[in-house]
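Beneath this line is the structure, given in structure tokens, with notes to follow.
Side-chain atoms are counted along with the backbone in the values below, which use heavy atoms only and exclude waters and symmetry mates. Letters A, B, ... mirror the listed sequences (proteins, then strands); counts begin at 1.
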Amino acid sequence: MRRNEEVALLLDNIAELLMLKNENPYRIRAYTTAAQNIRALDEDIEELARQGKLDEIPGVGKAIAAKIEEYLRTGRLEYYEQLKREVPLQAVDLLEVPGIGPARAHLLYEQLGITTIQDLLQAAQEHKLRKLPGFGEKLEERIAREAARLMQRSKRLLLGIALPVAEEVVAALRPHAAIRAIDPAGSLRRMKETIGDIDILVASDDPPAVVDAFVHLPFVKEVLAVGPTRPSILTREDLQVDLRVVRPHEYGSALLYFTGSKEHNIALRSFVQERGWKLSEYGLFDETGKLLASETEHEIYALLGMDWIPPELRENRGEIEAAREHRLPILVEQRDIRGDLHVHTDWSDGHEPLERMCEAARARGYEYLVISDHSPSLTVARGLSIERLREQRERIRELNERLAPFRILQGAEVNILSDGTLDYPDEILAELDLVIVSVHSAFDMPQERMTERVIRALANPHVDILGHPTGRLLTSRLPYEIDLDAVLDAAAHYGVAIEVNGQPDRLDLPDIWVQRAINRGILIACTSDAHSTRQLDNMRWSVATARRGWAEPRHVLNTRSLEELRTWLATHHRGAPAHRT
DNA sequence: GCCGTTTTCGGCCCGACTGTTTTCAGTCG
């Protein structure tokens, strides 16, 4: 399999250990940059190593190339082992405590032997920290507070939870007379799958009025800070929302800055700096310090000779070069989606009847809807027997007459059994309009077997879409062990589409892999995996994830009309027929 | 540790805040 991720992880670990040693920050950055570029790489790193081309990877020079080569050849890296002997790896946890960075972490484990957050809390409570050089009473108190909070912290927020809360705040404030512009910023605006903080940016000439309105919103449970331009509240759902108020003429540069990502900002500013100019949250300035632009993001990018970069792409994965060369993708939008391809009803584990799901899909302007209830072996989800599947088909036929020209297709989400065979026989699969195959059982298989299992399923000529390919659940389950590169190669070979499942805790395929799938010519299926009419809205998160993977409408299967979809279904699979007579 | 149409050395994004100091290091976003 490809070992790019493995190598990237190694380099990230080295960077963290170097941080704990309080090493030169630029040396640390060299490792994280190299790791990032290796993750974004389309080629196999082992292949590059064989060809002696490792130092052609941006950010990889002689030293890092030699380390990668040693690791790939021997399976270990002496330099890394050495570092681990010098610095306890678990002490990297200390860096998560707000107020503790490389220097203080170094001091803590070096002077007091502290390596865990629990140790840290105890030492703070025993007033051992205030004696350290550069520490004092206040810092000790803060660290105690933050460490205690971290030990009972909630995980990162799902995009699908955080963005609706942010939008509620935005909608409540927007009509206010003092507010000229307001947007969610940060990872929320970039539609990242999980969010650290909810940040909202406001343009106003009267910051105090805005702050006052914000802290008095009806759903505010607690006011955490009331700075003149940076108030912070806790909503009744216990989510922290930070507001920042800036002057209208600085809104563009502030929005650019607060949207990030950090990596995008650094790369953009390096580019600016090479021209002798300067970019900050206050604007773009020339060599004499004269303000060139600050009011809108568009102006700033334009002065740099770039197209405006959609926030979803601002991850320093090639978007800056693409913007300069005017070859940014025209990203897929929700309004491009003509139908949903993965929906459950109360025939299996959905919560609402077939009729209501279809009517709701039609009401939101779709041309078609694929009903894809579970197959029999998923008993917990009341998977459909062959008889019930045929019974459902009759109901769909009746509904199609009533709801025309809206069209319901009968599909199924068919389990990939542990040997890679499917949960309905081929003649039943042949009767279905669309077949999604997914892994729902036997998750903890060795990687090789899991990979073979899924690839075998893709070879079945009745298969149209591979569902949630990694199986991850963002809050609760790691992806199963699978060689996704091999799976994508197989999907490309057979002409099978790959799902981007829109359930907020799935978002599976993940964004980086969407890009890799597209580069292989694989079609993406944006789906809601709705189990209720409300969850049809999950399509939004699927489209957002596809956008983060640089997907254009032409890369997405369900931007096609019903007729185009049918043509594709009839012709796309390049495998041999399953049974011949 | 990387990198180079001003460079193989001397840079590496920028500004604000906090708390510890007494002019600044460390952290954060």
Side-chain angles (χ1 to χ4, degrees), chain A residues 11-12 14-15 17-19 21-38 54-68 79 83 94-108 129-143 145-146 185-190 195-201 225 227-230 232 240 242-244 246 250 253-285 287 289 294 300 304 314 316 320:
Chain A
L11 298 179
D12 276 335
I14 291 175
L17 288 171
L18 291 176
M19 228 188 264
K21 286 186 73 182
N22 203 17
E23 262 275 8
N24 174 359
Y26 298 111
R27 179 186 227 184
I28 296 167
R29 185 193 295 168
Y31 280 94
T32 53
T33 309
Q36 205 192 351
N37 290 333
I38 286 167
L54 284 176
D55 57 3
E56 289 181 17
I57 302 169
V60 175
K62 269 192 172 174
I64 293 184
K67 292 188 173 76
I68 295 173
Y79 174 70
L83 274 178
L94 298 179
L95 296 169
E96 284 179 34
V97 180
I100 295 184
R104 288 171 187 159
H106 180 71
L107 216 53
L108 286 168
L129 302 188
R130 59 180 66 175
K131 300 182 192 94
L132 292 172
F135 283 62
E137 239 179 274
K138 284 201 171 173
L139 188 57
E140 184 180 74
E141 279 169 24
R142 175 171 181 219
I143 287 174
R145 214 166 45 235
E146 297 288 4
S187 48
L188 212 48
R189 182 158 180 250
R190 303 198 313 277
I195 307 298
D197 304 299
I198 299 179
D199 287 317
I200 296 175
L201 189 68
T229 59
R230 296 173 54 179
S232 185
Q240 185 175 334
D242 301 333
L243 199 75
R244 285 167 194 272
V246 301
E250 293 168 348
S253 44
L255 188 58
L256 185 60
Y257 168 72
F258 285 115
T259 298
S261 63
K262 190 175 154 206
E263 290 75 16
H264 177 83
N265 285 352
I266 289 175
L268 196 60
R269 286 171 181 197
S270 294
F271 176 80
V272 171
Q273 195 187 39
E274 282 168 30
R275 270 138 202 82
W277 292 0
K278 204 179 56 167
L279 177 64
S280 76
E281 58 198 281
Y282 303 108
L284 177 65
F285 303 87
E287 47 277 276
S294 63
I300 295 169
L304 298 175
R314 299 184 195 171
N316 194 26
I320 290 177

Rounded P spacing from dG4(B) to dC13(B) in Å:
14 Å
First and last nucleotide of DNA chain B touching chain A, 5' to 3', heavy-atom cut-off 4.0 Å?
dG1(B) to dG29(B)
Answer syn or anti for dT20(B), where the cut-off is 90° from 0 on the glycosidic torsion.
anti
Identify whether any heavy atom of I100(A) sits under 4.0 Å from a base atom; if not, whether one sits that close to sugar-phosphate; answer base, sugar-phosphate or nothing.
sugar-phosphate
Any strand is fair game: report the nucleotide pairing with dG19(B) by Watson-Crick or G-U wobble, both distances under 3.5 Å, or none.
dC24(B)
Rounded P spacing from dT20(B) to dC14(B) in Å:
29 Å
If you count the non-hydrogen atoms of other residues, nucleotides and ligands that lie under 6.0 Å from CZ in R230(A), is the total more than 12?
no
Atom P, compared across dT27(B) and dT21(B): separation rounded to whole Å:
14 Å
dA16(B) versus dG10(B) - spacing of their C1' atoms, nearest Å:
27 Å
With H106(A), which residues qualify under ring pair (Phe, Tyr, Trp, His ring centres under 6.0 Å), at least two apart?
Y109(A)
Considering every strand and a 4.0 Å limit on heavy-atom distances, what is the contact class for R104(A): base, sugar-phosphate, or nothing?
sugar-phosphate
Using the C1' atom on both, measure dC28(B) against dT22(B) and round to a whole Å.
24 Å
Pairwise C1' distance for dT8(B) and dG1(B), with rounding to whole Å
14 Å
Span that lies between the P atom of dC12(B) and that of dC17(B), in whole angstrom
23 Å
